[in-house]
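Just so you know, these numbers use all the heavy atoms, side chains as well, and skip hydrogens, waters and symmetry mates. Letters A, B, ... mirror the listed sequences (proteins, then strands); counts begin at 1.
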2 protein chains.
Amino acid sequence: MVLEIKPTQALRLWREVHLDLVRDTQADLSVRQTAILLTIYLELPPHTVRGLAARLGVTKPVITRALDSLGKLGLVTRKRDELDKRNVVIQRTVAGALAVEHLADLVTARARELGPA
Amino acid sequence: MVLEIKPTQALRLWREVHLDLVRDTQADLSVRQTAILLTIYLELPPHTVRGLAARLGVTKPVITRALDSLGKLGLVTRKRDELDKRNVVIQRTVAGALAVEHLADLVTARARELGPA
DNA sequence: CGACAATGATACGGCCCCGTAACGATCCGG
DNA sequence: CCGGATCGTTACGGGGCCGTATCATTGTCG
């Protein structure tokens, strides 16, 4: 079940999806924010600021600010860890799950349209 | 030669490549800039500001500023159209071609690593 | 020639993101 | 109990992108 994709197809796929994203008035996430959102929704919880920072190779303020933005969009939520009150646990939301699902639809749809070569 | 990709695979692919892009210190293009760059390198020339604006569904200043940024990075070049001096023709560069090729490598490599489901 | 259209660039005010440094809160070990 | 480590946040200065409106240049057509 290996996914065989040629360089030309990869680029066309990337372009088509990005065109869709540009036209989608709502979605305007940066590369960092996208990486964070997908990590939260694809990897097993719990997720912490420090963990995400290490995972992405960025500093903690980057994560904090990204969570501020994603939170403002309703795509994630934060909650204090009751066991260790220094930690913050990032939680998923319905809106976030929908947004991720929407992205998946976009990519699969565009992939299906790709011709050969 | 249709590209079959499942939603879960699409999301994992999207995430892995975005993680690579975040770690790549250099690349920090916005969604718009990426769409513009790929359009320039995948569609047949000539490319104009107006044409790209219409193609992406954005205003002309967006294109002008994106070209400023991409030009500063050496990924594209602008040249006055001698036949109609109102037009500006966007040209490709070696560095730009390399960057696009690099992206293609990234996507194909990550796609190849995707397991089933 | 002269009014008008079209092209791309620029000005402006606003908002968001970045990296570094510092901060308050919390936990831990002696 | 208390100094130090850890966690997440905030402050600061700088830079980039956005949308709207406006501009200079060039072309077109009566």
Side-chain angles (χ1 to χ4, degrees), chain A residues 18-19 21-40 45-91 99, chain B residues 18-19 21-40 45-91 99:
Chain A
H18 277 259
L19 285 179
L21 290 177
V22 169
R23 296 199 197 93
D24 262 1
T25 51
Q26 58 152 28
D28 204 17
L29 300 183
S30 70
V31 174
R32 279 170 158 85
Q33 292 171 339
T34 303
I36 292 172
L37 183 69
L38 289 180
T39 298
I40 293 171
H47 295 290
T48 64
V49 172
R50 173 174 167 69
L52 289 173
R55 196 79 181 74
L56 302 196
V58 298
T59 59
K60 289 186 295 179
V62 169
I63 304 295
T64 294
R65 284 185 297 245
L67 292 179
D68 288 344
S69 306
L70 295 177
K72 210 173 298 177
L73 294 173
L75 304 180
V76 299
T77 305
R78 273 179 280 200
K79 201 190 72 178
R80 277 263 160 230
D81 181 353
E82 286 306 323
L83 278 72
D84 185 340
K85 292 185 181 171
R86 288 174 305 177
N87 291 335
V88 164
V89 180
I90 292 101
Q91 300 177 307
Chain B
H18 277 258
L19 284 178
L21 290 177
V22 169
R23 295 199 196 93
D24 263 3
T25 51
Q26 59 153 28
D28 204 17
L29 301 183
S30 70
V31 174
R32 280 171 157 83
Q33 291 172 341
T34 303
I36 292 171
L37 184 69
L38 289 180
T39 298
I40 292 170
H47 295 290
T48 65
V49 173
R50 173 175 166 68
L52 289 173
R55 196 80 179 74
L56 302 196
V58 298
T59 58
K60 290 187 294 180
V62 169
I63 305 295
T64 294
R65 284 186 298 246
L67 292 179
D68 288 344
S69 305
L70 295 176
K72 212 173 295 176
L73 295 173
L75 303 180
V76 299
T77 306
R78 272 181 280 200
K79 201 189 72 178
R80 277 264 161 228
D81 181 352
E82 285 307 322
L83 279 72
D84 185 339
K85 291 183 180 171
R86 288 174 304 181
N87 291 335
V88 164
V89 180
I90 292 102
Q91 300 177 307

I need the [X] [atom1] to [Y] [atom2] distance, nearest 0.5 Å.
X     : Y     : atom1 : atom2 : result
B:Q33 : B:R65 : CD    : CZ    : 10.5 Å
B:T48 : B:I90 : OG1   : CD1   : 6.0 Å
A:R55 : A:I36 : CZ    : CD1   : 12.5 Å
A:I40 : A:L75 : CD1   : CG    : 9.5 Å
A:L73 : A:L37 : CG    : CG    : 9.5 Å
A:K79 : A:D81 : NZ    : CG    : 7.5 Å

Less than 4.5 Å apart, side chain to side chain, heavy atoms only: is that true for [X] and [Y]?
X     : Y     : answer
B:V88 : B:R80 : yes
A:L56 : A:I63 : yes
B:L70 : B:L29 : yes
A:R78 : A:D68 : yes

Rounded to whole angstrom units, what separation is found between the [atom1] atom of [X] and the [atom2] atom of [N]?
X     : N      : atom1 : atom2 : value
B:K79 : C:dG8  : NZ    : C1'   : 16 Å
A:L73 : C:dC16 : CG    : C1'   : 12 Å
A:R86 : D:dA5  : CZ    : P     : 13 Å
A:L70 : C:dC17 : CG    : C1'   : 13 Å
A:K60 : D:dA11 : NZ    : C1'   : 15 Å
A:R50 : C:dC27 : CZ    : P     : 17 Å
A:D84 : D:dT6  : CG    : C1'   : 8 Å
A:D68 : D:dT10 : CG    : C1'   : 10 Å

Select base, sugar-phosphate, or nothing to describe what [X] touches, counting heavy atoms under 4.0 Å on all strands.
X     : result
A:L67 : nothing
B:T48 : sugar-phosphate
B:L52 : nothing
A:K85 : sugar-phosphate

So, is [X] close to the [N] phosphate, meaning a side-chain N or O under 4.0 Å from OP1 or OP2?
X     : N      : result
A:R32 : C:dG19 : yes
B:N87 : C:dG8  : yes
A:T64 : D:dT9  : yes

Selected nucleotide, minimal atom distance to A:P61 side chain, candidates C:dC18, C:dA9, C:dT20: C:dT20

Rounded to 10 degrees, the angle between the two terminal axes of the helix from C:dC1-D:dG30 to C:dG30-D:dC1, each from five pairs: 10°

Interface polar pairs with nucleotides 12-16 of chain D, N/O, under 3.5 angstrom:
none

